[in-house]
Amino acid sequence: MQAKASLANLMRVAHTLDVVSIVNAERSVREALTDMVFSAGYVPEPFESADEFLKSGRRLITSCLIADMQSSGMSGFELFHHLAASGGAIPTVLLTDNSEEDMRRVLQAGLQFLSKPFQRSELLACVRSQIMNRNFSL
């Protein structure tokens with residue numbers, strides 16, 4: 001893990017790379033998502049909670065956010081709305097377990113989501129789509 005962290009720090013210097021912040025309370029899931037994002041050529045920034053992400057100051061460099069709908073504390077959905085309300089909306093992919101309430105909220109908001117379990121290719125396609133849409137709107 002030390003080597004990955006060092007390589008990620010080196011990659012942050014290259015400002016042309018897109019940073020994908022990952023907010024997930026489960027360490028094993030967070031690490032798997034970090035590996036997926038890294039292997040696709042993005043710079044992953046993993047966080048255990050929405051609060052940790054918000055306090056980090058990394059939202060200004062984040063090209064895409066991956067957040068879990070079922071996070072304790074502030075959910076991924078609440079995090080997205082918090083960012084939008086503060087004028088700092090970030091293209092976001094929400095991960096959901098298909099609960100009826102989650103699906104209704106995400107669909108009403110018109111947000112990008114992935115239902116668990118999902119394939120690596122599905123996640124990366126969502127991230128690519130969010131980053132491309134962000135770049136076209138700049």
Side-chain angles (χ1 to χ4, degrees):
M1 191 66 174
Q2 180 81 6
K4 283 185 191 177
S6 296
L7 185 54
N9 287 334
L10 178 63
M11 290 180 68
R12 281 186 195 94
V13 174
H15 62 81
T16 59
L17 296 176
D18 288 302
V19 174
V20 177
S21 291
I22 300 159
V23 177
N24 196 295
E26 292 182 48
R27 182 178 182 185
S28 61
V29 174
R30 196 169 56 249
E31 288 176 355
L33 292 171
T34 297
D35 289 345
M36 282 185 218
V37 166
F38 181 77
S39 70
Y42 301 110
V43 178
E45 286 280 350
F47 299 94
E48 187 174 346
S49 68
D51 191 47
E52 182 184 359
F53 171 70
L54 292 170
K55 288 178 181 176
S56 74
R58 295 305 218 187
R59 72 184 189 176
L60 296 175
I61 64 165
T62 297
S63 299
C64 182
L65 173 66
I66 300 171
D68 197 324
M69 288 285 291
Q70 287 74 38
S71 294
S72 59
M74 186 185 293
S75 73
F77 187 78
E78 292 165 332
L79 174 58
F80 173 82
H81 283 289
H82 174 80
L83 293 169
S86 67
I90 298 170
T92 301
V93 177
L94 295 171
L95 306 178
T96 179
D97 67 359
N98 281 329
S99 75
E100 190 174 315
E101 177 66 17
D102 283 353
M103 296 301 289
R104 182 184 59 74
R105 290 169 54 197
V106 170
L107 290 171
Q108 284 178 340
L111 297 174
Q112 178 91 44
F113 70 93
L114 268 180
S115 298
K116 301 176 204 172
F118 53 84
Q119 298 294 316
R120 176 185 184 279
S121 59
E122 293 174 308
L123 174 69
L124 295 178
C126 287
V127 169
R128 260 189 309 279
S129 171
Q130 290 297 317
I131 290 173
M132 284 179 55
N133 288 339
R134 174 186 170 267
N135 290 339
F136 284 128
S137 66
L138 291 179

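- Both Met36 and Ile131 are members of a single hydrophobic cluster when ILVMFWY side chains are connected at heavy-atom separations under 4.5 Å.
- With sequence neighbours excluded, the residues that form a side chain to side chain contact (heavy atoms under 4.5 Å, CB included) with Ser39 are Arg120.
- In this structure Phe53 satisfies the ring-ring contact (aromatic ring centres under 6.0 Å, His included) test together with Phe47, sequence neighbours excluded.
- There is a path of hydrophobic side-chain contacts, each under 4.5 Å, that joins Phe113 to Met69.
- In the hydrophobic cluster analysis, where Ile, Leu, Val, Met, Phe, Trp and Tyr join through side-chain heavy atoms closer than 4.5 angstrom, Leu124 is grouped apart from Val20.
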**Message:** As a quick check of understanding, evaluate side chain to side chain contact (heavy atoms under 4.5 Å, CB included) for Phe77 and Thr96, giving each step before the final call.
**Reply:** CA-CA 10 Å; Phe77 187 78; Thr96 179; over 6 Å; no

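- Taking all atoms of both residues into account, the shortest heavy-atom contact from Tyr42 to Pro44 is O-CD, 3.2 Å.
- Contact detail for Gly76 and Ala67: the closest heavy-atom pair is CA-CB, 3.6 Å.
- Linking ILVMFWY side-chain heavy atoms closer than 4.5 Å, directly or via other members, places Ile61 and Leu54 in two distinct hydrophobic clusters.
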**Asked** Which is it for Leu79 and Val23 under the side chain to side chain contact (heavy atoms under 4.5 Å, CB included) test, yes or no, and what are the steps along the way?
**Response** CA-CA 10 Å; Leu79 174 58; Val23 177; 4.1 Å; yes

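- Leu65 and Leu114 end up in different hydrophobic clusters when Ile, Leu, Val, Met, Phe, Trp and Tyr side chains are linked at under 4.5 Å.
- Closest approach of Glu48 to Glu52, counting heavy atoms only: N-OE1, 2.7 Å.
- In this structure Asp51 satisfies the salt bridge (charged side-chain N to carboxylate O under 4.0 Å, His left out) test together with Lys55, sequence neighbours excluded.
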